[in-house]
Peer 1: 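Please read through the structure below; I'll follow up with questions.
All values reported here derive from a predicted model rather than from experimental measurement. Just so it is clear: chains get the letters A, B, ... in the order the sequence lines come, proteins before strands, and each one is counted from 1.
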Number of protein chains: 2
Amino acid sequence: MTKSDLEMKAREMLKAAKLYCTSGRIDILLVLMKAGKPLSQNQISKRSGKNRFDKVTIYRTLESLLSVGLVHKAFMEKRAWHFELANHCTERQCHPHFTCTNCGDTYCLTEISLPMAKSPHKGFVIHRQQVRLEGLCPACA
Amino acid sequence: MTKSDLEMKAREMLKAAKLYCTSGRIDILLVLMKAGKPLSQNQISKRSGKNRFDKVTIYRTLESLLSVGLVHKAFMEKRAWHFELANHCTERQCHPHFTCTNCGDTYCLTEISLPMAKSPHKGFVIHRQQVRLEGLCPACA
DNA sequence: GTAAAATATGCAACTTAGTTGCAAATATTT
DNA sequence: AAATATTTGCAACTAAGTTGCATATTTTAC
Ligand SMILES: [Mn+2]
Ligand SMILES: [Mn+2]
Ligand SMILES: [Zn+2]
Ligand SMILES: [Zn+2]
């Protein structure tokens, strides 16, 4: 897929979601598509190349992408929020994220999925489940 | 269990972990025991009654409890870290936490446990798994 | 019990993540 | 091209968490 193919895809995603098609949104979508793993505001900023958006803009952009479901917050034990494209995800369950306790890298384990937890009787209604794994990555094991 | 029973227990936990038995640690352990759910530094501070510890002390106390495994960080989609006693937990998996998307309350689902995820071939070694659930609590369903 | 050694605590100052209001800029609709 | 709707940057702010250092408390050794 060429660079402009990706950009076309980003535009289509925004259009389908009825969001204004701005350079900030396109740029951030491209960064997330290329990254293929959850990124923080800071990481997104660094990867935005020549277009440097204000951090407020990045947060507000992510918020708008979140609100239409194009992006998810990933469940990670880090200080900063991490965002990723909401693909590979069902309505009820995102793929697990694995973080290496040695090198700190995080991987999306899109091949794995756990059965949904069963509600513990007393009337909890479970809508969504997120799983976080930690251990050693191939390089550190 | 009377108040002093709990305090005795806290002292024993600290002794067994070879940590100095200070009023701060005892106090924070008591708060966590009584709470029975993950609390932030701020919440712990408010619940500490007449003994008000500096927030730096609370963080450092939690760090020491973490380092000997008496306390865990719970995996929550909130801005602040949340800590809880590390009981009801196996080495490999803590109980799932459920957060109500309506009222925001969090519950420890100690009755539930999911099977451990299987490593996706390529050499990941999984040590620990955490599960977060969201949906509606009995009061909000 | 007392002194020495080891560790915890408070305070002030700092860093980093995320938010808010408002005026200027850009995107869409007409 | 103008009118309208929405986004963006900037500056100033809040909240969470950290660091250094002097003082206080806990433990150990005698
Ligand atoms: Mn992912
Ligand atoms: Mn819990
Ligand atoms: Zn690693
Ligand atoms: Zn609720």
Peer 1: Tell me the interatomic distance from B:Gln43, atom CD, to D:dA15, atom P, rounded to whole angstroms.
Peer 2: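 The answer, rounded to whole Å, is 15 Å.
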Peer 1: Between B:Lys55 and A:Ser40, name the one whose nearest nucleotide on DNA chain C is closer to the 5' end.
Peer 2: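 Looking at DNA chain C, the more 5' nearest nucleotide goes with B:Lys55.
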Peer 1: Applying side chain to side chain contact (heavy atoms under 4.5 Å, CB included), run through A:Gln130 and B:Glu77 and close with a yes or a no.
Peer 2: CA-CA 10 Å; A:Gln130 286 179 282; B:Glu77 208 160 52; 4.1 Å; yes
Peer 1: Ignoring hydrogens and geometry beyond distance, is a side-chain donor-acceptor pair present between B:His97 and B:Glu84 at under 3.5 Å?
Peer 2: yes
Peer 1: Below 4.0 angstrom from OP1 or OP2 of D:dG17, is there any side-chain N or O of B:Trp81?
Peer 2: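 Looking at the OP1 and OP2 atoms of D:dG17, one of them is under 4.0 Å from a side-chain N or O of B:Trp81.
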Peer 1: Could you tell me how far apart A:Gln41 (CD) and D:dT8 (P) are, to the nearest whole angstrom?
Peer 2: 14 Å
Peer 1: Take atom NZ of A:Lys73 and atom C1' of C:dG18, then tell me their distance rounded to the nearest Å.
Peer 2: 10 Å
Peer 1: Output one letter per nucleotide in nucleotides 3-9 of chain C: B when a protein non-hydrogen atom lies under 4.0 Å from the base, S when only the sugar-phosphate is that close, - when neither is.
Peer 2: ---BSSB
Peer 1: Give a yes or no on whether the backbone of B:Ile44 and the side-chain of B:Ser48 come within a donor-acceptor separation of less than 3.5 Å.
Peer 2: yes
Peer 1: Could you give the CG-to-P distance, from A:Asp27 to D:dT7, as a whole number of Å?
Peer 2: 16 Å
Peer 1: Report yes if the side chains of B:Trp81 and B:Gln41 come closer than 4.5 Å at any heavy-atom pair, otherwise no.
Peer 2: no
Peer 1: What is the distance from CD1 of A:Ile26 to P of C:dT26, rounded to the nearest Å?
Peer 2: 14 Å
Peer 1: With side chains defined as the heavy atoms from C-beta onward, is the minimum distance between A:Arg25 and A:Tyr20 less than 4.5 Å?
Peer 2: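 Yes, close enough: below the 4.5 Å cut-off.
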Peer 1: Measure from NE2 on B:His82 to C1' on D:dG17 and round the result to the nearest Å.
Peer 2: 14 Å
Peer 1: Expressed in angstrom and rounded to an integer, what is the separation of B:Tyr59 atom OH from C:dC14 atom C1'?
Peer 2: 15 Å
Peer 1: In whole angstrom, what separates A:Ile58's CD1 from C:dT16's C1'?
Peer 2: 15 Å
Peer 1: Looking at A:Phe124, is its backbone amide N or carbonyl O close enough to the side chain of A:Ser119 to form a donor-acceptor pair, meaning the two atoms are under 3.5 Å apart?
Peer 2: yes
Peer 1: Is any side-chain heavy atom of B:Thr106 closer than 4.5 Å to a side-chain heavy atom of B:Lys37?
Peer 2: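 No. Closest side-chain heavy atoms not under 4.5 Å.
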Peer 1: When the nearest nucleotide of DNA chain D is assigned to A:Arg79 and to A:Val56 on a heavy-atom basis, which residue is associated with the more 5' position?
Peer 2: A:Val56
